[in-house]
Amino acid sequence: MTKIQVYNTMTQRKEEFVPREPGKMSVYVCGVTPYSDTHLGHARPSVIWDVIKRFFRMMGYETYHVQNFTDVDDKIIQRSFDEDVPALEISKRYIAEYLASMDALGVERADLYPKVSEHMDEIIGLVEKLVETDHAYSANGDVFFSVASFPEYGKLSKQKLEELRQGTRFEVDPAKRDAVDFALWKSAKPGEPAWESPWGEGRPGWHIECSAMSLKYLGEAFDFHGGGNDLIFPHHENEIAQSEAATGCALARYWVHNGMLNLKDAKMSKSIGNVISVKELTRRYPKELLRFYLLSTHYRSALEFYDGKLEEVSKGWTRLNDAYRALQDDLKHAVTGDSSLDRETLEVLERLEADLVSALADDFNTAMAFGVLFELVREINGYKHRQGRSEDVLKKASDILQRFAGGVFGVLQETQVQDDSLAESLLDLLLGLRQELRKQKNFALSDQIRDQLADLGVTIEDTPQGPRWKV
RNA sequence: GGCGGCAUAGCCAAGUGGUAAGGCAGAGCUCUGCAAAAGCUCCAUUCCCCGGUUCGAAUCUGGGUGCCGCCUCCA
């Protein structure tokens, strides 16, 4: 079986992936706080994990993906005050918006989307356990995690406790015993959503929900914990402290963090206000192009977005799609053959297929895989240029594109008009007439037809095998 | 200030010890009624700078410089 290498933030190097259970892959991805529209930055980890999951399945694994919604949060509460709408209404609205955006990007749904508001018992239970074992203490209705009680604190983000204490920028809550301690439970202020607890009415702190829900649904030491690299500290560091202090077991086996999506060299973030909404983008561009763009850079690198970027990217993406589309046409005229050209091409295709698997098995290197995809495009186009028409060869190329570009990356655009047979018939009729005109050398009229179809968005290409059109 | 990361052609982007993938743009050619598409050829003696290790470094190492992220909510 192909060995899969994964970069683990914890060890800061690539490691061979060894699943907790043979043949199974489990992942917890930190999801969004639903209080405003989903932006492109959120789409990046979603699309990346979508591809990683599809790849694992291609490699014969069963995948199980849990992704939370942090639907109890300061900003949701703020928004609820602003709009005078219950907090859970706000989160419900934006959860639906998030899921709709992901659907529009062709992102497969997670197996489970647990919400904080529905897991208070688990959260309270975990906090109680931490209090009982002296990893946490309560003070005036708040409960804090005692960082000093967890000697490994800082192991993920490589922070030293002393530096963190000195680096505290904001004034420290006097109820804390140590400036670096963080809240597990916050007492309710008037008007805020609150739940009953042994420490009075309140709500969970930011990090505890992921510890409680990942433990409930994935258990101890599940395979992957994912999220943006902006979550490494404090979010994931604190999750580790809470979970591992409570269970004595590793939280996750591999920590996988994606790079940020930048806009004009600055991180796209709601607080800066430089956001590009997914809803808007999916209205203007095909989802396959958006995915192609998001996957064109390795997931750990920063990715730039700017005006015109998608137009630049679309040229290469179109080339890939055109090659696939042409292949479908050529397959209709394919012949059985076994010439030396056929055999050589088949061999190259097999090598390229293996290269695709290697690229993905090497820390999910989608950028490298795209390079291989384009080599394949050049190979098969060259083959056709040299009059190659073997069904075996064309089928093989089409099959690879379909399984990788289509199945794993989701960047192959499905042919439009497919379901509109009348339009298709009319178009064929028109093109047949135009061929007749061309035969009679009536180029003025045939060019006029081509131009006018172009105005309607239909591109005509005259090939030796006859005219080809695309929308 | 601390921690993590990045710096490869006009642009985007792989490559992490053996002599620079791929895409876009650009130049020339082939095919074509023209166009489009496609194919072929060319396009980084060099990988931010300065030292070191090595037979050999974009790749390892030390030191600079610049940029990004985190240290406060954040995918």
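This one's a predicted model, so the numbers in the text were calculated from it and none came from an experiment. The sequence lines fix the lettering, A, B, ..., with proteins before strands; numbering per chain opens at 1.
- For the pair A/Arg300 and B/G5, the criterion of a side-chain N or O lying under 4.0 Å from OP1 or OP2 is not met.
- Of the candidates A/Phe364, A/Phe370, A/Phe292, A/Phe370 is the only one forming a ring-ring contact (aromatic ring centres under 6.0 Å, His included) with A/Phe409.
- Comparing the P positions of B/G1 and B/G64 gives a spacing of 12 Å, expressed to the nearest Å.
- OP1 and OP2 of B/C12 both lie 4.0 Å or more from every side-chain N or O belonging to A/Ser296.
- Here A/Phe374 does not lie in a stacked arrangement on the base of B/G22, lacking the combination of planes under 30° and ring centres under 5.5 Å apart.
- Residues A/Glu239 and A/Cys30 share a closest heavy-atom pair of OE2-SG, 3.6 Å.
- Atoms CG (A/Asp322) and P (B/G39) sit 11 Å apart, rounded to a whole Å.
- No contact: A/Lys160 has no heavy atom under 4.0 Å from any strand.
- To the nearest angstrom, C1' of B/C73 lies 12 Å from NE2 of A/His39.
- Judged by distance alone with a 3.5 Å cut-off, a donor-acceptor contact links the side chain of A/Asp462 to the base of B/C34.
- Across all strands shown, B/C43 forms no Watson-Crick or G-U wobble pair with both key distances under 3.5 Å.
- Look at A/Arg319 and you won't find any side-chain N or O under 4.0 angstrom from OP1 or OP2 of B/A25.
- Within the 4.5 Å cutoff, the side chain of A/Gln328 has no heavy atoms near those of the A/Arg325 side chain.
- Rounded to whole Å, atom P of B/G4 lies 14 Å from atom CG of A/Asn229.
- B/C43 and B/U61 are spaced 34 Å apart, taking the C1' atom of each and rounding to whole Å.
- In this structure, the CG atom of A/Asp329 is 13 Å from the C1' atom of B/A37, given to the nearest Å.
- Residue contacts for A/Gly41: at a heavy-atom cut-off of 4.0 Å it reaches a base atom on one of the strands shown.
- Using the Watson-Crick or G-U wobble rule with both distances under 3.5 Å, B/G56 pairs with nothing in any strand shown.
- Rounded to whole Å, the separation between the P atoms of B/U59 and B/C3 comes to 23 Å.
- A/Gly31 comes within 4.0 angstrom of the backbone, heavy atoms only, and of no base.
- Considering only side-chain N and O atoms, A/Ser301 lies under 4.0 angstrom from the phosphate OP1 or OP2 of B/A14.
- Comparing A/Lys158 and A/Asn365, the nucleotide of RNA chain B nearest to each residue sits closer to the 5' end for A/Lys158.
- Candidate nucleotides B/G22, B/C11, B/G39 were compared by shortest atom distance to the side chain of A/Glu375, and B/G22 ranks first.
- Rounded to whole Å, atom P of B/G22 lies 23 Å from atom CH2 of A/Trp317.
- Taking only distance into account, the side chain of A/Asp447 meets the base of B/G33 through a donor-acceptor pair shorter than 3.5 Å.
- Checked by atom type, the side-chain pair A/Asp223/A/Ser26 shows a donor-acceptor distance below 3.5 Å.
- With both ends at atom P, the span from B/C60 to B/G15 equals 12 Å, rounded to whole Å.
- Between A/Tyr293 and A/Phe305, the angle of the ring planes goes over 60°, which puts this pair in the perpendicular group of the 30/60° scheme.
- The side chain of A/Lys315 approaches B/A25 more closely than any other nucleotide in the set B/C11, B/A25, B/G2.
- If you check B/G66 for Watson-Crick or wobble pairing at under 3.5 angstrom, you find it paired to B/C6.
- B/G69 and B/G28 have their C1' atoms separated by 45 Å, given to the nearest Å.
- Atom CZ of A/Phe233 and atom C1' of B/G4 are 12 Å apart (whole Å).
- For the C1' atom pair drawn from B/G22 and B/G56, the interatomic distance equals 27 Å after rounding to whole Å.
- Using a 30° and 60° split on the angle between ring planes, A/His225 and A/Tyr28 fall in the tilted class, from 30° to 60°.
- For the P atom pair drawn from B/A25 and B/G33, the interatomic distance equals 25 Å after rounding to whole Å.
- Comparing B/A37 with B/C31, their C1' atoms are spaced 11 Å from each other, to the whole Å.
- Comparing atom distances between the A/Pro234 side chain and each of B/A14, B/C71, B/G23 picks out B/C71 as nearest.
- Taking 4.0 angstrom as the limit, A/Gln78 places none of its side-chain polar atoms (N or O) nearer than this to OP1 or OP2 of B/C73.
- If you take CZ on A/Phe145 and CG on A/Leu184, they are separated by 7.0 Å, rounding to the nearest 0.5 Å.
- A close approach under 4.0 Å does not occur between any side-chain nitrogen or oxygen of A/His385 and OP1 or OP2 of B/G39.
- Here A/His235 lies out of heavy-atom contact (under 4.0 Å) with every strand.
- As a whole-Å value, the separation of A/Ile460 CD1 from B/G33 P is 17 Å.
- Side-chain N/O atoms of A/Arg468 and base N/O atoms of B/A36 include no donor-acceptor pair closer than 3.5 Å.
- Considering only the side chain of A/Met260, B/G69 comes nearest among B/G2, B/A13, B/G69.
- Between the side chains of A/Tyr98 and A/Ser46, a donor-acceptor pair is found at a separation under 3.5 Å.
- With a cut-off of 3.5 Å on both pairing distances, B/U72 has no Watson-Crick or G-U wobble partner at all.
- In this model, a side-chain donor or acceptor of A/Arg438 finds a partner on the base of B/G33 within 3.5 Å.
- A salt bridge does not link A/Asp342 to A/Lys396: none of the charged nitrogens lies less than 4.0 Å from a carboxylate oxygen.
- The base of B/C40 does not come close enough to the side chain of A/Arg386 for any donor and acceptor atom to sit less than 3.5 Å apart.
- Across all strands shown, B/A14 remains unpaired; no Watson-Crick or G-U wobble contact has both distances below 3.5 Å.
- Residue A/Gly316 is classed as a sugar-phosphate contact, given heavy-atom separations below 4.0 Å to backbone atoms only.
- For A/Asn258 and B/C70, the CG to C1' distance is 14 Å, given to the nearest whole Å.
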